[in-house]
Amino acid sequence: MDEHYHPNKIEQEAQRYWEEHRVFKAREDSAREKYYCLSMFPYPSGRLHMGHVRNYTIGDVIARYQRMLGKNVLQPMGWDAFGLPAENAAMQNKVPPARWTWDNIATMRGQLKSLGFGYDWERELATCDPGYYRWEQWLFTRLFKKGVIYKKGGVVNWDPVDQTVLANEQVIEGRGWRSGALVEKREIPMYYFRITAYADELLAGLDHLPHWPEQVKAMQRNWIGKSRGMEVHFPYAPSPRSFPGAGEGGSKEVLKVFTTRPDTLMGVTYVAVAAEHPLAAQAAANHPQLRAFIEECKKGGVTEAELATQEKKGMATGEFVIHPFSGEKLPVWVANYVLMAYGEGAVMAVPAHDERDFEFAAKYGLPVKQVIRPTDGELSSPLTAAYTEPGILCNSAEFDGLDFEGAFHKMEDALKAKKLGASRIQFRLRDWGVSRQRYWGCPIPIIHCAACGDVPVPDDQLPVRLPEDIVPDGSGNPLAKLSGFYETTCPQCGKPARRETDTMDTFVESSWYYARYCSPDTTGGMVDERARHWLPVDQYIGGIEHAILHLLYARFFHKLMRDEGLVTGDEPFTRLLTQGMVLAETFYRVRENGKKEYFFPHEVTVERDAKGRTVAARLNSDGRPVTVGGIETMSKSKNNGVDPQELINKYGADTARLFMMFAAPPEQSLEWSDAGVQGAYRFLKRLWAAVFDNSSFLSAGAGRENIDWKDAVSEHAAVRREIHQTLSQINYDMGKRQFNTVVSGAMKILNALERAPGGKTPAPGYSQIIHEGLGILLRVLAPITPHITHCLWREFNFGGDIVDAPWPEVDESALISDTMDLVVQVNGKRCGQIRVASGAARAAVEAAALADPGVKRHAHGKQLKQVIVVPGKLVNIVVTE
RNA sequence: GCCCGAGUGGCGAAAUUGGUAGACGCAAGGGACUUAAAAUCCCUCGGCCUAAACAGCCGUGCCGGUUCGAGUCCGGCCUCGGGCACCA
């Protein structure tokens, strides 16, 4: 064995060994419990970043650990290969997106292999492969026939100069990112998935995912946004003008609103509509000021945070509606706090019981009418703030005295009798528009025929292949200019027809890849019976940024596939782990134009004070100070990213993996630290040295004679006890997926082993301890640092390969000690420590505690009230104060 | 504004769910080895008081409460992250 640790050499050897022996090939085996461990697949952007390394290390640690527990593990990897960046790169480099994408995949596959992840590469897939997207098209045609997919108009960003549709991220401050032209809103036909039909199931299913983070479930619940409420119709009051377009899609004589607080209906003092509401447009026709106000509303801030702090503004339309019960004439206002996209785009305003309405009414001098009182007590009059709690109705005529539920039902009956409303469930969730006017995506398998309409492409004509040799020029969708692509014939009537040139949202591909991995090679269907063997995914790992869209769409797709009989079960992912971000320190100077110029860490020298605190930093090139900008997410724009490849080249994959696991628990953010990386490397060097130092007798087969530990020197028995105690803690932490303390446990084991008294002629038990301790240590580390442990395990012939070695077991007998140390407290304050025999009776423990000098000092002159004994932990003497 | 999190040494963090606060590591300081450097090894390392202490006091964002005992539970505040589509 080599005296020194050479990571690059042993890592290449281990990786070659795994590949040659197809160690990670997953085979269906009904005799063993299956475990499907999946990390979110990457977009092939060109190179791995630290976020990938963290994500995939966490997944690999879990997969390898489960394998050592005896499970039959599947851990696949693939590529989320369609998307906008490939088109941008194509334009820049004049290379077709397909070529660019496949080149990137080759590079990144090599990087993943150099990190030693235990993937079954025989199941690799890329979503831009026709063998993959063919089945997506197949499912699309089925769902289209079923009505789960339908066509309707959708609003897009239109760049009038480039004559193209822009993604939201391509719109910068209202202008096209390339042309700089003012972006227009345009309505075009698009295909939609009817995800709202599954809203209830998607919401209820969250309650059956106990191993998902609460935060993610809360975000999905808010996104689906189910509320029970009432649709209320307000008839229009007679007016000099009529509104032919008012109340689009419904009756022309009423203004519809949706409310979750029908109990406050008698407190309505005005009605407010969104700026985009048809009624607003109608009223503005002869009202220039209103028209100007509506334009202003449309321009205003778009983010919620901006809107929340923004001043409430409105303007009366001059129109009125009639209250359904009181017959009162109520003014209709346009208000900037009403959203067109939710409910009816109109609200009934109850200033007394809604904070926003209260603020608005106060500003514009609209009346406030209290109709709810608390169950106990009264409100001050006049109201100084909205009372938003549910309570008892008052000032509400025949509804007085009812509570929320009572009022809800009585109001509904009364509204139904007048045909002016009914209860209903409102979701925030909207149907999922999947049409993209882009080239590098999965073609939508529809043919437009003048006679037959939208005809799905028949199975025997699938896949609709995307031409792969095109370089887009940024103006419009190249497919729409490619007659060879769009000219076709109608599958129904055989006449000339036009193929759909839109492609699908890339979220569609990533919504079912987890299922395809089970049978990636099947040409007979989307999935085959192997999907029923492996699904659901037992553990899914990825970034919190996918908490809503990706995870919701994948859950939706699983239900669609279930309803097609393709998979069983209701949910795709049993456990979810959302890993934290990778952060690093930033250094910058503010330039004259006010913009920050960021510097790489290697360009600056940090100055520290005597305690090691960072006090200042200087730029190496000019020696002048730079600002220490704090810890932020790694990004190109802040020059604080660290390239994983450099790290691997310098220290090896094991050091990179060890540091990632040790620096923070998986779900928390992780701060990059060069010194921390060196610390991880130092530990691996010490591990190597510990094995090397004992190699002579280990390789001679020593340490396997099973001595009786009672004969061993007490130091050796103590070391062994510490090792097994630590192993017990490691097992607990592994169950919690708290890998940072697993690493700390491994470090403790090595520290303990180094303390075991050895020497030229070691006492009985030494070789035994080293053999047993190193055997445990290597296995505990194997999931985290697979290469060095693979190498050392083989070096000493511990038996077989460490990937398949059984996870070590705690020897309970090693934990037993003759004596134990207990902490003694007086009134809960620690004041000493006693050593008693392990089996000591309570009376003996109390006596020993009372005899302790510390106790005597603290309890002197006070009266004993009580003695609390926590077995194995402490004794608390309670005395009078 | 609303919904989630989180506040513990110079730093990253730990504390097996109410029982010794700061494990493990990093940084820093001191020492050994070396011609020297790197590497390695040993010692110190929350604060205050003290010549020193295995003597005492304080200490887990702040204020209060429950308890024999609170980083952990409860109430009220403060600060910092993350998410958001003013959701009627």
Side-chain angles (χ1 to χ4, degrees), chain A residues 4 213-219 221-223 225-227 229 257-261 264 272 302-310 312 335-339 341-344 346-350 354-357 426-428 430 544-545 547-548 580-581 608-615 631 659 662-665 667-680 682-683 685-686 689 726 728-729 731-733 735-736 738 740-741 743-748 751 754 821-833 854 857 865-868 870 872-879:
Chain A
H4 296 289
E214 283 306 322
Q215 191 192 359
V216 172
K217 288 191 277 187
M219 284 162 82
R221 276 189 198 103
N222 290 339
W223 189 262
K226 180 181 184 176
S227 20
V257 307
F258 175 76
T259 181
T260 54
R261 290 294 304 273
T264 65
V302 281
T303 71
E304 190 183 337
E306 277 172 332
L307 291 166
T309 42
Q310 167 185 306
K312 307 244 173 316
N336 66 350
Y337 70 93
V338 180
L339 290 180
Y342 182 78
E344 300 293 335
V347 301
M348 56 178 231
V350 186
D354 183 279
E355 283 170 25
R356 290 160 306 183
D357 297 345
Q426 175 71 40
F427 286 97
R428 216 176 77 112
R430 305 201 273 255
I544 188 80
E545 67 273 21
I548 299 175
M581 293 183 297
R608 297 175 195 282
D609 67 7
K611 289 202 162 179
R613 273 178 292 221
T614 301
V615 286
I631 312 288
F659 169 73
F662 183 52
E667 313 217 62
Q668 276 181 40
S669 58
L670 181 151
E671 280 179 38
W672 186 259
S673 152
D674 285 325
V677 173
Q678 283 168 38
R682 195 175 303 150
F683 171 74
K685 280 195 289 186
R686 271 177 61 210
T726 306
S728 160
Q729 169 243 308
N731 287 340
Y732 177 80
D733 293 342
K736 282 201 298 184
Q738 187 173 287
N740 55 328
T741 49
V743 174
S744 126
M747 289 170 169
K748 279 186 203 174
N751 291 346
E754 286 178 344
D821 294 331
L822 301 181
V823 162
V824 284
Q825 301 177 330
V826 172
N827 288 347
K829 251 184 196 171
R830 184 185 196 279
C831 58
Q833 198 168 341
R857 252 194 329 270
K865 281 169 73 180
Q866 197 187 351
V867 179
I868 292 180
V870 182
K873 293 254 160 114
L874 57 76
V875 184
N876 188 13
I877 313 288
V878 186
V879 296

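Computation of the quantities below employed the complete heavy-atom set of this structure, encompassing side-chain atoms and omitting hydrogens, waters and symmetry-equivalent molecules. Labels below follow one simple rule: chain letters A, B, ... track the order of the sequence lines, proteins then strands, and each chain is numbered from 1.
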Are A:Gln825 and A:Ile868 packed together at the side-chain level, in the sense that at least one heavy-atom pair is separated by less than 4.5 angstrom? no
Heavy atoms only: give me the nearest A:Ala664-A:Ser669 pair and the separation to one decimal. CB-O, 3.6 Å
Take atom CD of A:Gln729 and atom C1' of B:A13, then tell me their distance rounded to the nearest Å. 13 Å
May I ask you to say what A:Glu671 touches in the nucleic acid, namely base, sugar-phosphate or nothing, with a heavy-atom cut-off under 4.0 Å? sugar-phosphate
Taking the side chain from A:Gln215 and the backbone from A:Ala547, do they hold a donor-acceptor pair closer than 3.5 Å? no
In whole angstrom, give the distance that lies between atom CG of A:Asn827 and atom P of B:C57. 12 Å
Would you classify A:Ala675 as touching base, sugar-phosphate or nothing, given that sugar-phosphate means primed atoms plus P, OP1 and OP2, and contacts are heavy atoms under 4.0 Å? sugar-phosphate
What integer number of Å spans the P atoms of B:A52 and B:G46? 16 Å
Using the C1' atom as the reference point in each nucleotide, state the distance between B:A55 and B:U50 in Å, no decimals. 10 Å
Of the nucleotides B:A14, B:A85, B:G25, which has the atom closest to the A:Gln738 side chain? B:A14
Just to be sure I understand the rule, does A:Val347 reach a base, reach only the sugar-phosphate, or reach nothing, if contact means heavy atoms closer than 4.0 Å? base
Contact class for A:Asp354 (heavy atom, under 4.0 Å): base, sugar-phosphate, or nothing? nothing
In terms of side-chain heavy atoms of A:Tyr732, which of B:U17, B:C68, B:C86 is nearest? B:U17
Pick the P atom in B:G30 and in B:C45, then give their distance to the nearest Å. 16 Å
Whole-Å distance separating the CD atom of A:Glu214 from the C1' atom of B:G5: 12 Å
Starting at CD1 of A:Ile544 and ending at P of B:G83, how long is that distance when rounded to a whole Å? 9 Å
Can you figure out which of B:C86, B:A14, B:A85 approaches the side chain of A:Pro665 most closely? B:A14
Across the strands shown, which category fits A:Ala663 at heavy-atom distances under 4.0 angstrom: base, sugar-phosphate, nothing? sugar-phosphate
Report the glycosidic orientation of B:G12: syn if within 90° of 0, anti in every other case. anti
With heavy atoms under 4.0 Å as the rule, sort A:Gln426 into base, sugar-phosphate or nothing. nothing
Would you indicate what A:Gly343 reaches in the nucleic acid, counting non-hydrogen atoms under 4.0 angstrom: base, sugar-phosphate, or nothing? nothing
Selected nucleotide, minimal atom distance to A:Arg857 side chain, candidates B:A14, B:C86, B:G56: B:G56
Quick one: on RNA chain B, does A:Leu670 or A:Asp357 contact a more 5' nucleotide (nearest heavy atom)? A:Leu670
Candidates B:G19, B:C24, B:A88 - which lies nearest the side chain of A:Phe662: B:C24
Does A:Arg830 make a side-chain N or O approach to OP1 or OP2 of B:G19 shorter than 4.0 Å? no
Side-chain N or O of A:Ser227 versus OP1/OP2 of B:A88: is the shortest distance under 4.0 Å? yes
Report the distance from atom CD of A:Gln833 to atom C1' of B:G19, rounded to the nearest whole Å. 14 Å
When you measure from the side chain of A:Asn876 to the backbone of A:Gly828, do you find a donor-acceptor pair of N or O atoms at a distance under 3.5 Å? yes
Which nucleotide in the set B:A85, B:U17, B:C58 lies at the smallest distance from any side-chain heavy atom of A:Lys829? B:C58
When the distance from CD of A:Gln678 to C1' of B:C24 is rounded to whole Å, what number comes out? 18 Å
Should A:Arg682 be listed as having a side-chain N or O under 4.0 Å from OP1 or OP2 of B:C26? yes
A side-chain contact here means heavy atoms from C-beta on lying under 4.5 Å apart; do A:Arg686 and A:Asn751 qualify? yes
C1'-based separation of B:U66 from B:G18 [nearest Å]: 12 Å
Just to be sure I understand the rule, does A:Val867 reach a base, reach only the sugar-phosphate, or reach nothing, if contact means heavy atoms closer than 4.0 Å? nothing
Hey, does A:Asn751 reach any base, or is it just sugar-phosphate, or nothing, if we go heavy atoms under 4.0 Å? sugar-phosphate
Identified pairing partner of B:C77, criterion: Watson-Crick or G-U wobble below 3.5 Å: B:G61
Heavy atoms, side chains only, cut-off 4.5 Å: are A:Val867 and A:Val875 in contact? yes
Do A:Leu874 and A:Leu822 make a side-chain contact, defined as non-hydrogen atoms from C-beta onward lying under 4.5 Å apart? no
What's the CD-P distance between A:Glu667 and B:G5, to the nearest Å? 12 Å
Both A:Gln668 and A:Arg356 contact RNA chain B. Taking the nearest nucleotide for each, which residue is further toward the 5' end? A:Gln668
Rounding to the closest angstrom, what is the interatomic distance between B:A23 and B:A13 at atom P? 15 Å
Separation of the P atoms in B:C73 and B:C2, to the nearest angstrom: 24 Å
Within the 4.5 Å heavy-atom criterion, are A:Pro213 and A:Glu667 side-chain neighbours or not? yes
Whole-angstrom distance between B:G65 and B:A28, as gauged at atom C1': 41 Å
Could you check how far CZ of A:Arg261 sits from P of B:C87, rounded to whole Å? 14 Å
Under 3.5 Å for both donor-acceptor distances, Watson-Crick or wobble: does B:C68 have a partner, and if so which one? B:G19
Keeping the roles fixed (side chain from A:Asn827, backbone from A:Val879), state whether a donor-acceptor pair exists under 3.5 Å. yes
Using purine N1 to pyrimidine N3 plus N6-O4 or O6-N4 for Watson-Crick, or N1-O2 and O6-N3 for G-U wobble, each under 3.5 Å, what pairs with B:G25? B:C11
Side chain of A:Thr259 - closest among B:A14, B:U20, B:A88: B:A88
Using the P atom as the point on both nucleotides, what is the distance between B:A21 and B:C54, in whole Å? 15 Å
Does B:G1 have a Watson-Crick or wobble mate here (both distances under 3.5 Å), and if so which one? B:C84
Taking the side chain of A:Asn876 as its heavy atoms from C-beta onward, which of B:U17, B:C24, B:G19 lies nearest to it? B:G19
Side-chain contact check for A:Asn740: nearest option of B:U40, B:A14, B:C86 is B:A14
